[in-house]
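For reference, the structure discussed in these notes is given below.
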Amino acid sequence: MHNRIAMFRAERGLTRRALAEAVDVNPQTIGYLERGDYKPSLELALKICRVLGVEVEMVFSLEPFESVAAQMRRAMRNSA
């Protein structure tokens, strides 16, 4: 399972500790999740997404996410 927890967390100015407190887990758990060392339960995934204010599909995927740089290049080509 792939995730963008770190990206959305950083975008919102949340520390690992702050996110962990918001979803009632140990800060180490957030680190494990971000590195892909641990797969969240459905309940935890939903809590994380609620705190981050995004849909589950934006944060978690069975397939690797396209890099932000690749998305930007594609957007630039499409707008030209």
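- Summarising the geometry, atom CG belonging to Leu46 is positioned 10.0 Å from atom CD belonging to Glu55; distances are rounded to the nearest 0.5 Å.
- Contact check for Arg9 versus Glu34: side-chain heavy atoms found under the 4.5 Å cut-off.
- In this structure, Asn3 contributes its side chain and Gly36 its backbone to no donor-acceptor pair below 3.5 Å.
- Here the side chain of Thr29 pairs no donor or acceptor atom with the backbone of Val25 at under 3.5 angstrom.
- For the atom pair Ser67 OG and Arg73 CZ, the distance stands at 5.5 Å (nearest 0.5 Å).
- To the nearest 0.5 Å, atoms CZ (Arg4) and CD (Glu11) are separated by 10.5 Å.
- Lys47 NZ to Glu43 CD: the interatomic distance, rounded to the nearest 0.5 Å, is 4.0 Å.
- From Arg35, atom CZ reaches atom CD1 of Ile30 across 11.0 Å, with rounding to the nearest 0.5 Å.
- Although no hydrogens or angles enter the test, the distance criterion places no donor-acceptor pair under 3.5 Å between the side chain of Ser61 and the main chain of Pro64.
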Practice problem: Start with the C-alpha gap between Arg16 and Gln28, add the side-chain angles, then the distance that decides, and say whether side chain to side chain contact (heavy atoms under 4.5 Å, CB included) holds. | Solution: CA-CA 8 Å; Arg16 285 181 177 168; Gln28 282 183 313; over 6 Å; no
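- Heavy-atom neighbours of Asp24 CG from other residues, nucleotides or ligands within 6.0 Å: at or below the threshold of 12.
- Within 6.0 Å of CD in Glu63 there are 12 or fewer heavy atoms belonging to other residues, nucleotides or ligands.
- Shown here for Arg12 and Val54, the closest heavy-atom pair between the two residues is NH2-CG1, 3.4 Å.
- In terms of heavy-atom proximity, Phe65 sits nearest to Phe60 at CZ-C, 3.8 Å.
- The closest side-chain heavy-atom distance from Leu14 to Leu52 is below 4.5 Å.
- Contact detail for Met1 and Lys39: the closest heavy-atom pair is N-CE, 3.9 Å.
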Quiz item: Please walk me through it: do Ile5 and Leu19 pass side chain to side chain contact (heavy atoms under 4.5 Å, CB included)?
Solution: CA-CA 10 Å; Ile5 297 171; Leu19 179 56; 3.8 Å; yes
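- Minimum interatomic distance between Ala22 and Val51 (heavy atoms only, all atoms of both residues): CB-CG2, 3.8 Å.
- Residues Tyr38 and Leu44 approach most closely at CE2-CD2, 4.3 Å, considering heavy atoms.
- Of all heavy-atom pairs between Arg17 and Pro27, the closest is NH1-CG, 3.7 Å.
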